[in-house]
Amino acid sequence: MENVLVYDDRLASAEYTPTHPFKPVRAKLFIELLHRYHNVHDDRFVIKAPLPLNEELLYLFHDKAYIDLLKKAEKGEFAPEMLHAGLGTEENPIFRGMFQLALTIAGGTHAGAMLLAEGAARTVFEPLGGLHHAGRSRASGFCYINDIAIAMADLVRKGRRLVYIDIDVHHGDGVQEAFYLTDKVLFISLHESGETLFPGSGRETEIGAGEGWGYTVNIPLRAGTDDEVYVSAFDAVVPPLVERFRPDVVFAQLGADTHKDDKLAHLNLTSNGYKRVVSGINEISPKIMAMGGGGYNVYKTAALWTLAWSALVGRDPEDKFTGLVGGMMYGPEADAGSLEDLPFVLDGREKELCVEEARRVVKYIKKTVFPIHKL
Ligand SMILES: [Zn+2]
């Protein structure tokens, strides 16, 4: 079975606004790193360019009125409702090609999910996918169309059991909204606490409702949290729940904005913790649809995604340029000279507070959610 990368240079060269923190070009840097560190032949991977999603599928999640607004905005027309729908703000600017960009990213996630469902691939990674904040009828957090919710909704209606694991530093609120009431999807999000970070939701007490009671799991972490605290919370909660649920496909949003050098958030992960968690996700996934999500340190994000890919396909990265004196170097070398970070461990009172908070949250989930799954 193939490993598939969903990618197109034309999408990666899109730009929201020149000063906007969301830079699609990260995906291009990632592909460059991948070619430096991975042998295309050995990894048996193919790169497939995404096509725009069939518009009918948008309505598996989104409201028609909102999609009509998106189309209008792209044509340069203005309607006052746009602001209520989160459009035309600094966060979610209106720019040329925005609808088409979002539609094509969603098409890529959907096509990847179908390859997995048909058994034509074991691993799919779409670096530009994972737009987890887009709501049913609003744009939010740089996300216009929720590629994840749409692709998952299509597989759910085809009878598949899905797990969603979101390790982006921000809460996966749009995806949570989509599946809050169902037991066909097990939703798990680890994120910096909403007390200190956008979008503010994702408390541990949000555990689903109705038939979905116990099928939404939130692990909010204290600002400052390091690899050690993050990994121990992940290990305590995620593998037991996923193994019990027995998914057909796992969707994983692999946002790189948990990194300590990310400028939009306040966690302290390094490549060591990130890699360990992606490996952990991979081990419990029969098939995996991975998406890039956030990451606002452009070079670090490309490096972390390269390590994620290595973990997903089970091959260590090998630097083909090692030993080339005066040979090619990648990008601004100072930022990306090595894929891996030195270990970082928080200490003192701050560390204690992070440990205590993570313990409290894990205890709460074990008490309220685990019994629903007979754990
Ligand atoms: Zn994020």
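Counting starts at 1 for both ligands and their atoms, following the listed order. For reference, positions follow the sequence shown, starting with 1.
- Atom ND1 is the N, O or S atom of His170 at the shortest distance from the Zn ion (ligand 1).
- Counting all heavy atoms, side chain and backbone alike, Phe61 lies closest to Ala134 at CE2-O, 3.5 Å.
- Ring-plane geometry between Tyr296 and Phe22 is classed as tilted, the angle between the planes lying from 30 to 60 degrees on a 0 to 90 degree scale.
- The atom name of the N/O/S atom in Asp257 closest to the Zn ion (ligand 1) is OD2.
- By the neighbour-count criterion of 12 heavy atoms within 6.0 Å, atom CZ of Arg203 is sparsely surrounded, having that number or fewer from other residues, nucleotides or ligands.
- Both tests hold for Arg161 against Phe245: distance to the six-membered ring centre under 6.0 Å, angle to the ring axis within 45°.
- Restricting Asp168 to its N, O or S atoms, the one at the least distance from the Zn ion (ligand 1) is OD1.
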